[in-house]
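Read through the structure below, which is laid out as structure tokens, and then see the notes.
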Amino acid sequence: MRIGIGYDAHRLTGERPFILGGVEIPFAQGLEGWSDADVVVHAIIDALLGAAALGDIGTHFPANDPAYEGISSIVLLGHTRNLLREQGWRISNIDATIIAERPLIHPFVDQMRQNISQALSIGKSQVGIKATTTEGLGFTGREEGVAAYSVALLEEA
């Protein structure tokens with residue numbers, strides 16, 4: 001068994017849709033980034049790659065590569081699943097925490113879990129997603145950005 005941890009953060013901007021866990025959430029701002037800037041999926045990808053000792057998201061999906069400009073992070077998650085399979089790994093479970101003052105994330109968690117489990121070809125019960133605030137502290141508390149942490153447990157296939 002191998003455990004990995006992932007983290008990602010993106011700045012809020014008024015020029016893009018707000019996407020988390022493959023869900024477009026109604027909000028006045030979106031997240032700035034080369035892809036769709038889905039911080040929770042990016043953190044999950046890094047946790048999975050880290051557990052398999054395969055580098056990080058930037059190694060496999062560089063931010064300056066035109067092939068990934070505006071791409072759905074759920075698509076990148078599917079590519080990550082394939083890479084793990086090729087290397088002989090099976091996903092046991094993942095857990096992620098989203099850090100944001102607004103918008104309210106809870107109503108969208110079930111669909112995020114569904115999107116992520118489908119992209120990874122695992123059961124929805126193997127995907128945990130939570131959200132919290134920082135009570136006004138730090139860049140997330142000042143509503144300058146959104147962050148996410150994730151852990152992943154892999155087993156040899």
Side-chain angles (χ1 to χ4, degrees), residues 4-51 54-84 91 93-152:
I5 185 167
Y7 170 81
D8 195 35
H10 285 270
R11 181 182 313 276
L12 283 162
T13 180
E15 303 170 5
R16 297 181 57 143
F18 188 76
I19 311 248
L20 286 177
V23 178
E24 187 169 339
I25 298 172
F27 193 56
Q29 295 180 294
L31 295 169
E32 186 177 292
W34 188 251
S35 66
D36 63 4
D38 187 331
V39 295
V40 69
V41 173
H42 292 183
I44 290 167
I45 289 170
D46 267 349
L48 291 166
L49 292 171
L54 294 173
D56 62 17
I57 191 170
T59 302
H60 295 275
F61 313 110
N64 58 356
D65 186 332
Y68 304 118
E69 186 174 11
I71 195 168
S72 167
S73 295
I74 291 291
V75 171
L76 302 180
L77 190 59
H79 292 318
T80 302
R81 174 203 62 221
N82 294 340
L83 179 61
L84 292 172
I91 300 166
N93 75 296
I94 58 163
D95 186 40
T97 302
I98 301 163
I99 302 105
E101 294 297 310
R102 291 185 309 129
L104 184 62
I105 304 297
H106 180 73
F108 306 98
V109 166
D110 193 59
Q111 186 60 55
M112 289 181 204
R113 291 178 61 222
Q114 183 66 37
N115 293 346
I116 292 164
S117 68
Q118 283 181 342
L120 293 173
S121 299
I122 60 175
K124 190 172 159 184
S125 65
Q126 294 171 269
V127 179
I129 303 284
K130 304 165 304 299
T132 190
T133 70
T134 59
E135 303 295 329
L137 299 173
F139 75 92
T140 58
R142 291 187 301 271
E143 298 184 28
E144 296 170 5
V146 174
Y149 288 93
S150 182
V151 293

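Treat the numbers as computed from the prediction; the structure is a model and nothing was measured.
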Minimum heavy-atom distance Ala119-Leu77, with the two atoms named: CB-CD2, 3.9 Å

Taking all non-hydrogen atoms of both residues, which atom of Ala67 and which atom of Asp65 are closest, and how far apart? N-OD1, 2.8 Å

Using the salt bridge (charged side-chain N to carboxylate O under 4.0 Å, His left out) criterion, which residues pair with Arg102? Sequence neighbours excluded. Glu143

Non-neighbouring partners of Arg16 that pass salt bridge (charged side-chain N to carboxylate O under 4.0 Å, His left out), sequence neighbours left out: none

Considering residues at least two apart in sequence or located in another chain, which fulfil the side-chain contact (heavy atoms from CB on, under 4.5 Å) criterion with Leu54? Leu49, Ala52, His60, Leu83, Leu84, Gln87

What residues form a side-chain hydrogen bond (donor to acceptor under 3.5 Å, both in side chains) with Thr59, not counting sequence neighbours? Asp56

With a 4.5 Å heavy-atom cut-off, do Val41 and Leu76 have their side chains touching? no

How many angstroms lie between atom CG of Leu48 and atom OG of Ser150, to the nearest 0.5 angstrom? 7.0 Å

Got a sec, which pairs hit side-chain hydrogen bond (donor to acceptor under 3.5 Å, both in side chains) with one end in residues 17-37, sequence neighbours left out? Ser35-His42, Asp36-Ser73

Would you say the side chain of Ile19 lies within less than 4.5 Å of the side chain of Leu31, judging by non-hydrogen atoms? no

Could you tell me the separation between the OG1 atom of Thr140 and the CD1 atom of Ile98, rounded to the nearest 0.5 Å? 12.5 Å

Which pair of non-hydrogen atoms, one from Arg113 and one from Lys124, has the smallest distance, and what is that distance? NH2-O, 2.8 Å

Residue set satisfying salt bridge (charged side-chain N to carboxylate O under 4.0 Å, His left out) with Asp95, at least two apart, ordered chain then number -> Lys130

Report the residues that fulfil salt bridge (charged side-chain N to carboxylate O under 4.0 Å, His left out) with Glu69, sequence neighbours left out, ordered by chain and then residue number. none

Considering all heavy atoms of both residues, which atom of Ile116 and which atom of Gly21 are nearest to each other, and what is their separation? CD1-CA, 4.2 Å

Is it the case that the side chain of Thr134 and the backbone of Gly141 share a donor-acceptor pair, with hydrogens and angles ignored and the cut-off at 3.5 Å? yes

Donor-acceptor contact present, side-chain Glu101 to main-chain Glu135, <3.5 Å: yes

Closest contact, heavy atoms only, Gly6 versus Asp46: CA-CB, 3.9 Å

Can you list everything that forms a side-chain contact (heavy atoms from CB on, under 4.5 Å) with Glu144? Sequence neighbours excluded, please. Phe139, Arg142

List in chain and number order the residues that pass ring pair (Phe, Tyr, Trp, His ring centres under 6.0 Å) with Tyr68, two or more places apart in sequence or in another chain; answer none if no residue qualifies. Phe61

Under the rule for side-chain contact (heavy atoms from CB on, under 4.5 Å), what residues qualify as partners of Arg81, not counting sequence neighbours? Arg85, Leu120, Ser121

Partners meeting ring pair (Phe, Tyr, Trp, His ring centres under 6.0 Å) with Tyr7 (sequence neighbours left out): Tyr149

Could you tell me the separation between the CG atom of Asn115 and the CZ atom of Phe108, rounded to the nearest 0.5 Å? 12.5 Å

Among residues at least two apart in sequence or on other chains, which ones pass side-chain hydrogen bond (donor to acceptor under 3.5 Å, both in side chains) with Thr13? none

Is the backbone of Gly22 close enough, under 3.5 Å, to the side chain of Asp38 for a donor and an acceptor to pair up by distance? yes

At their closest point, which heavy atom of Gly4 faces which heavy atom of Ala51, and how far apart are they? N-CB, 3.4 Å

